[in-house]
Amino acid sequence: MMLTALGLMSGTSLDGVDVALIETDGKRVQAFGPSGYRPYNPAERNLLRQALSEAVNLAQRDARPGILGQAERVVTRAHAEAVAAFVAQNRMRPEDIDIVGFHGQTVLHRPERRLTVQIGDAPALAKAIHIPVMYDFRAADVEAGGQGAPFVPVYHRALAQALEREGPIVVVNIGGVSNITYIDGNDTLIACDTGPGNALLDDFMYRIMNQAFDAEGKFAALGKADEDWIARALELPFFASPPPKSLDRNDFAALKLGDVLPADGAATLTAFTAAAIARVIPLLPRRPRSWIVCGGGARNLTMLRMLRERVGTATVEAAEALGWASDAIEAQAFGFLAARGLKGLPLSYPATTGVPMPMTGGVIARP
Ligand SMILES: Nc1ncnc2c1ncn2[C@@H]1O[C@H](COP(=O)(O)OP(=O)(O)OP(=O)(O)O)[C@@H](O)[C@H]1O
Ligand SMILES: CC(=O)N[C@H]1[C@@H]2OC[C@@H](O2)[C@@H](O)[C@@H]1O[C@H](C)C(=O)O
């Protein structure tokens, strides 16, 4: 049975709420619907940055001490506003939507402690938008000993299968954190986080240039990457460990560039993201033939060039070139995951998060 699913994603870049509608039975996508975006304003973004700093001390998934309670209310309200605007702009009614997939905002990810925390009050959201909401997608996975991320691979596979392209294909999400999905035919699906996405570069641009990000990678294109710095950074144990593996947004925040020219710093951080993605190649069964890049980083032309320089003869394409809605893919994925959760289908697998067996998940809040 086909469902009209509305996915909501607020990711580690802390830029805003992505909204995307899909028609799906949880196995294939019958139709892509419209998408939307509700940016966080500077005050909201600063609050979320503080929330990530305070969350490092959390021990329980549902604890909201200090400003985490306020941050959760802001995240919930922003998602309710995003849905209300989307429904109005697309002349829909709440009853037109069967299920909302609500990721929430990750403030802490410590799978080794079987803890991952996404703030967002799903019962309050369901009441505000008058639509059933599925949430807490990652909890069951980490409680079972999985990495709890990445969760989009099952959606990347659905998209890639429709391409009818010879594998191995890698779909790369370059968000705040980067993650890959390796797809080779119908039976091989491997995934992991690879390293920083845009987070280090965004934080650098904000601190040094008072800009939210390096638009199209123009600033980094003026600089020269410090390959020795990148080689040293890639010696961190994470990069040699095989999939499955996952990261928190600020796991590499301790890496310091030192005294560099701003453009060289931007070039180095952009190249570090590209090099960390390419570092996964020897950890995969076969060398990928094509890389499809999605997430906000796919708009960074310097990032795409630097990735091309590091993946040999494989092709590197922005997802838009395939007609995919790059910015909306993660939101679409959580609509897809909500449909799968409703049907008890697996959301994660041993080869994507390291869970002992394929696992479903998600909790429903009704209006
Ligand atoms: N025009 C652009 N040029 C370069 N980079 C861009 C552009 N637009 C967005 N970005 C980058 O993309 C980021 C947002 O990407 P995205 O929304 O995929 O991240 P996210 O979903 O929050 O992260 P994650 O996937 O880790 O949860 C921005 O923070 C910025 O770094
Ligand atoms: C814990 C968490 O929110 N992880 C995010 C983060 O952002 C990108 C990467 O790390 C990915 O593993 C994951 O999000 C995407 C949506 C995922 O689960 O596939």
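Both ligands and their constituent atoms are indexed starting at 1 by order of listing.
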Visitor: Could you find the nearest protein heavy atom to atom 12 (O) of ligand 1 and give me its residue, atom name and distance?
Guide: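 Minimum-distance protein heavy atom for atom 12 (O) of ligand 1 reads Gly296 CA, 3.1 Å.
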
Visitor: Passes salt bridge (Lys or Arg N to Asp or Glu O under 4.0 Å), Arg114 versus Glu143? Steps please.
Guide: CA-CA 5 Å; Arg114 301 202 176 194; Glu143 280 160 16; over 6 Å; no

Visitor: Show which residues join Val142 in its hydrophobic cluster (side-chain heavy-atom contacts under 4.5 Å, direct or indirect), or state none.
Guide: none

Visitor: Going by side chain to side chain contact (heavy atoms under 4.5 Å, CB included), name the residues that satisfy it together with Glu309, two or more places apart in sequence or in a different chain.
Guide: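 With neighbours one apart ignored, the set is Arg305, Met306.
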
Visitor: Any idea which protein heavy atom is nearest atom 13 (C) of ligand 1, and the distance to it?
Guide: Asn198 ND2, 3.6 Å

Visitor: For atom 27 (O) of ligand 1, find the nearest protein heavy atom and state the residue, atom name and distance (0.1 Å precision).
Guide: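 Protein heavy atom at minimum distance: Thr12 N, 2.9 Å.
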
Visitor: For Asn173, counting its heavy atoms only, list the atoms of ligand 1 lying under 4.0 Å from any of them.
Guide: 25 (O)

Visitor: Does Arg73 pair with Asp121 as a salt bridge, N-O distance under 4.0 Å?
Guide: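 No salt bridge links Arg73 with Asp121.
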
Visitor: Can you check which of Lys218, Gln105, Arg299 brings a heavy atom nearest to atom 8 (N) of ligand 1?
Guide: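 Looking at heavy atoms only, the winner is Arg299.
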
Visitor: With heavy atoms of Gly11 as the reference, note each atom of ligand 1 found under 4.0 Å away.
Guide: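 Counting from 1, the qualifying ligand atoms are 20 (P), 21 (O), 22 (O), 27 (O).
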
Visitor: Note the single closest protein heavy atom to atom 17 (O) of ligand 1, along with its residue, its atom name and the distance in Å.
Guide: Asp15 OD2, 3.5 Å

Visitor: Could you tell me whether the side chains of Asp141 and Ser348 share a donor-acceptor contact shorter than 3.5 Å?
Guide: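 The answer is yes; a qualifying pair exists.
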
Visitor: For ligand 2, what is the set of protein residues having any non-hydrogen atom at a distance below 4.0 Å?
Guide: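 Residues Met9, Thr12, His103, Thr106, His109, Arg138, Ala149, Pro150, Phe151, Val152, Asn173, Val177, Asn179, Asp193, Glu330, Phe334 each place a heavy atom under 4.0 Å from ligand 2, listed by chain and number.
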
Visitor: Do any nitrogen or oxygen atoms of Ala215 lie less than 3.5 angstrom from nitrogen or oxygen atoms of ligand 1?
Guide: no

Visitor: Can the ring centroids of Phe32 and Trp324 be said to lie less than 6.0 angstrom from one another?
Guide: no

Visitor: Answer yes if the side chains of Gln332 and Tyr155 hold a donor-acceptor pair under 3.5 Å, and no otherwise.
Guide: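 Short answer, yes.
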
Visitor: Could you list the atoms of ligand 1 found under 4.0 angstrom from a heavy atom of Gly295?
Guide: 18 (O)

Visitor: Under a plain distance cut-off of 3.5 Å, with no hydrogens placed, do His103 and Ser10 share a side-chain donor-acceptor pair?
Guide: no

Visitor: Can you tell me how far apart CD1 (Ile329) and CD1 (Ile22) are? Round to the nearest 0.5 Å.
Guide: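 If I round to the nearest 0.5 Å, the distance is 11.5 Å.
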
Visitor: Could you identify the single nearest non-hydrogen protein atom to atom 23 (O) of ligand 1 and state the distance to 0.1 Å?
Guide: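 Looking only at protein heavy atoms, the one closest to atom 23 (O) of ligand 1 is Gly176 N, 2.9 Å.
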
Visitor: Please check if the distance between the ring centroids of Phe334 and Phe137 is under 6.0 Å.
Guide: yes

Visitor: Under 6.0 Å between ring centres: does that hold for Phe204 and Phe219?
Guide: no

Visitor: For Gly175, take its heavy atoms, then give the atoms of ligand 1 lying under 4.0 Å from any of them.
Guide: 18 (O), 19 (O), 23 (O), 24 (P), 25 (O), 26 (O)

Visitor: Tell me, which pairs form a salt bridge (charged side-chain N to carboxylate O under 4.0 Å, His left out) where one or both residues lie in residues 325-345, sequence neighbours left out?
Guide: Arg299-Asp327

Visitor: Relative to the heavy atoms of Gly297, which atoms of ligand 1 are at a distance of less than 4.0 Å?
Guide: 12 (O)

Visitor: Who gets closest to atom 29 (O) of ligand 1 by heavy atom: Val152, Asp202, Leu14?
Guide: Asp202

Visitor: Under 3.5 Å between any N/O of Phe213 and any N/O of ligand 1: does that happen in this structure?
Guide: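 For ligand 1, there is no N or O atom that lies under 3.5 Å from one belonging to Phe213.
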
Visitor: If we only count N/O pairs under 3.5 Å, is Glu216 in contact with ligand 1?
Guide: yes

Visitor: Is Arg49 positioned over the aromatic face of Tyr40, cation under 6.0 angstrom from the ring centre and no more than 45 degrees off axis?
Guide: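 Negative - Arg49 is either too far from the ring of Tyr40 or too far off its axis.
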
Visitor: One residue to check: Glu330. Relative to ligand 1, which of side chain, backbone, both or neither has a non-hydrogen atom less than 4.0 Å away?
Guide: side chain

Visitor: Going by the closest heavy atom to atom 22 (O) of ligand 1, which one wins out of Ser10, Ser13, Ala220?
Guide: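 Minimum heavy-atom distance to atom 22 (O) of ligand 1 goes to Ser13.
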
Visitor: Do Ser326 and Glu320 have side-chain atoms, one donor and one acceptor, less than 3.5 Å apart?
Guide: no

